[in-house]
Number of protein chains: 2
Amino acid sequence: MDQRSAVTALSALAHDNRLSIFRQLVKCGPSGMTAGNIARDVGIGATALSFHLKELANAGLVHSWRDGRYVRYSIEVEGMRELLSFLTEDCCNGQPELCGTTIKRAQSVCSLQVRDN
Amino acid sequence: MDQRSAVTALSALAHDNRLSIFRQLVKCGPSGMTAGNIARDVGIGATALSFHLKELANAGLVHSWRDGRYVRYSIEVEGMRELLSFLTEDCCNGQPELCGTTIKRAQSVCSLQVRDN
DNA sequence: ACATTAGTTCAATGATCCTTGAAATGATGA
DNA sequence: TCATCATTTCAAGGATCATTGAACTAATGT
């Protein structure tokens with residue numbers, strides 16, 4: 001991931017409604033949700049929802065597919081993982097003991113955890 | 001971390017210059033950098049730098065202290081960790097195998113990795 | 001005290017983003 | 001085919017954010 005893509009992804013997440021949408025989809029997993037159900041849960045109109053979903057999709061954070069009369073959206077795991085990785089790249093110049101002294105290591109609840117690559 | 005703080009933090013990172021500043025500080029570790037050196041590395045003026053650092057500080061992502069004639073800035077590790085954790089909270093409703101099948105688990109290069117709490 | 005260096009605050013302008021309803025598109029079932 | 005439901009696109013406005021130079025505050029050394 002490059003800086004430009006990272007800014008796009010962060011901008012996509014940096015909005016109250018979009019962050020709510022994103023977190024709903026994180027919870028929901030690969031099966032995704034229909035646009036209509038997202039709109040209901042987040043409490044916004046269809047137009048606004050469509051606008052925000054487009055931003056998230058354009059940022060590589062969600063993707064969609066048609067499911068009969070509905071359109072389903074789900075999180076783009078790889079895009080999210082790349083973003084988290086980018087944010088922590090070269091932390092303390094590869095000497096984790098420098099920041100590791102202040103916080104505890106622990107297991108992530110999810111494979112979205114940052115990895116070195 | 002609540003939704004409001006997360007949006008503030010993401011908004012702070014969602015800007016080309018601020019993301020550059022942030023990543024410089026991530027690399028640099030706890031010793032931090034002077035404002036002047038950040039400005040030189042990122043290639044922006046003092047006024048703009050001050051504005052952006054204020055945004056990052058307000059978002060809880062960096063902090064600063066005076067060091068003689070200079071002001072040093074460094075990353076706020078806990079704030080960053082909270083943000084990463086918030087973004088992946090309840091991923092796949094606690095069933096990591098759902099998203100874990102598509103990406104490989106691996107160790108983070110840094111203790112900033114997401115943890116379950 | 002004064003000159004110099006380092007950073008921050010202020011105010012105004014321009015740029016970008018968000019919201020809204022109305023219209024358009026796509027899919028289903030009778 | 002027609003009515004209906006689901007979602008997207010369009011266009012206009014209001015709101016928010018970024019940039020700039022100038023003025024200001026803070027620390028240092030002489």
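Each chain gets a letter, A, B and so on, in the order the sequences are listed, and its residues count up from 1.
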(request) Provide the closest heavy-atom pair for E89(A) versus K27(B) in the form atom of the first, atom of the second, distance. (result) O-CG, 4.4 Å
(request) Apply the side-chain contact (heavy atoms from CB on, under 4.5 Å) test between L87(A) and each candidate in L83(B), L84(B), V26(B); give the one that qualifies. (result) L84(B)
(request) Output the distance between atom OG (S31(A)) and atom CG (L25(A)), rounded to the nearest 0.5 Å. (result) 9.5 Å
(request) Would you indicate, yes or no, if dT19(C) has its OP1 or OP2 atom less than 4.0 angstrom from a side-chain nitrogen or oxygen of H52(A)? (result) yes
(request) Please find the earliest and latest nucleotides of DNA chain D, in the 5' to 3' direction, that have an atom within less than 4.0 Å of any heavy atom of chain B. (result) dA18(D) to dT28(D)
(request) Round to a whole Å and report the spacing from CZ of R72(A) to C1' of dA27(C). (result) 16 Å
(request) Take the protein atom CD1 of I38(B) and the nucleotide atom P of dA6(C), then report the distance between them rounded to whole Å. (result) 14 Å
(message) Taking H52(A)'s backbone N and O only, do any of them form a donor-acceptor pair with R18(A)'s side chain (distance below 3.5 Å, no angle check)?
(response) no
(request) Quickly work out the F51(A) CZ to dC18(C) C1' distance and round it to whole Å. (result) 6 Å
(message) Can you list, in residue-number order, the parts of residues 8-19 of chain A that come under 4.0 Å of DNA chain D, counting heavy atoms only?
(response) none
(request) Please answer whether the main-chain N or O of A46(B) pairs with a side-chain N or O of S50(B) as donor and acceptor at a distance below 3.5 Å. (result) no
Would you mind writing out the side-chain donor-acceptor pairs for residues 53-67 of chain A within the sub-3.5 Å range, not counting sequence neighbours?
from	atom 1	to	atom 2	distance (Å)
H63(A)	NE2	S74(A)	OG	3.1
R66(A)	NH1	G68(A)	O	3.3
R66(A)	NH1	R69(A)	O	3.4

(message) Mind checking if A46(A) touches a base, just sugar-phosphate, or nothing, with heavy atoms under 4.0 Å?
(response) base
(request) Could I get the full list of side-chain contact (heavy atoms from CB on, under 4.5 Å) partners for T47(A), not counting sequence neighbours? (result) none
(request) Could you check how far CZ of R69(A) sits from C1' of dG29(C), rounded to whole Å? (result) 7 Å
(message) Taking the nucleotide of DNA chain D with the nearest heavy atom to each, does A48(B) or T47(A) sit closer to the 5' end?
(response) T47(A)
(request) Give, ordered by number, those residues of residues 53-60 of chain B having at least one heavy-atom distance below 4.0 Å to an atom of DNA chain C; if nothing qualifies, reply none. (result) K54(B)
(request) Only counting residues at least two apart or in another chain, list the ones meeting side-chain contact (heavy atoms from CB on, under 4.5 Å) with T34(A). (result) N37(A), Y70(A), R72(A)
(message) Do F51(B) and L10(A) sit in one hydrophobic cluster, given that two such residues count as connected whenever their side-chain heavy atoms are within less than 4.5 Å of each other, even indirectly?
(response) no
